[in-house]
Amino acid sequence: ADSASIAAVTQLLCSSGSSSKQKQFFFVGCHREGIIDSAHPVRELVCNAELLGVSFTSLKLDSMGEETLNAMVSETLCVLPRLT
């Protein structure tokens with residue numbers, strides 16, 4: 001993740017929480033264990049989300065294949081796997 005990507009996602013988070021109506025934002029990120037330190041841009045994203053009062057869930061999953069990940073995202077978004 002670069003700073004422009006982090007800024008774009010932060011802007012989306014700001015927009016999704018800017019009204020009294022409940023909005024939802026689905027974001028999937030992944031990384032290899034042990035590479036996210038305090039200086040990593042993803043840390044900035046998590047801090048920004050917390051500062052904005054955005055509630056989020058972080059899941060730690062073991063490695064999974066492309067088909068498994070596609071099935072998980074498809075089910076979450078309620079779309080056919082071929083569309084994700």
Side-chain angles (χ1 to χ4, degrees):
D2 57 30
S3 59
S5 300
I6 297 300
V9 173
T10 300
Q11 184 61 42
L12 289 169
L13 288 173
C14 288
S15 323
S16 69
S18 63
S19 75
S20 60
K21 294 180 181 179
Q22 184 180 15
K23 295 184 180 180
Q24 297 177 352
F25 180 80
F26 182 72
F27 177 79
V28 176
C30 63
H31 64 86
R32 284 182 234 122
E33 193 168 345
I35 65 163
I36 304 291
D37 61 10
S38 60
H40 196 281
V42 171
R43 260 293 168 223
E44 180 183 346
L45 177 62
V46 171
C47 289
N48 288 343
E50 290 172 343
L51 288 173
L52 292 168
V54 174
S55 60
F56 59 94
T57 301
S58 178
L59 300 173
K60 181 181 179 197
L61 305 171
D62 289 330
S63 62
M64 63 178 74
E66 185 177 338
E67 287 183 24
T68 303
L69 180 59
N70 188 37
M72 183 181 80
V73 172
S74 298
E75 186 173 323
T76 301
L77 297 176
C78 300
V79 296
L80 297 172
R82 63 182 166 75
L83 299 176
T84 59

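- In terms of heavy-atom proximity, P81 sits nearest to S74 at CA-OG, 3.0 Å.
- The CG atom of L80 sits 12.5 Å away from atom CD of E75, with the distance rounded to the nearest 0.5 Å.
- Smallest separation of non-hydrogen atoms from I6 and P41: CD1-O, 3.3 Å.
- L51 CG to T10 OG1: the interatomic distance, rounded to the nearest 0.5 Å, is 10.0 Å.
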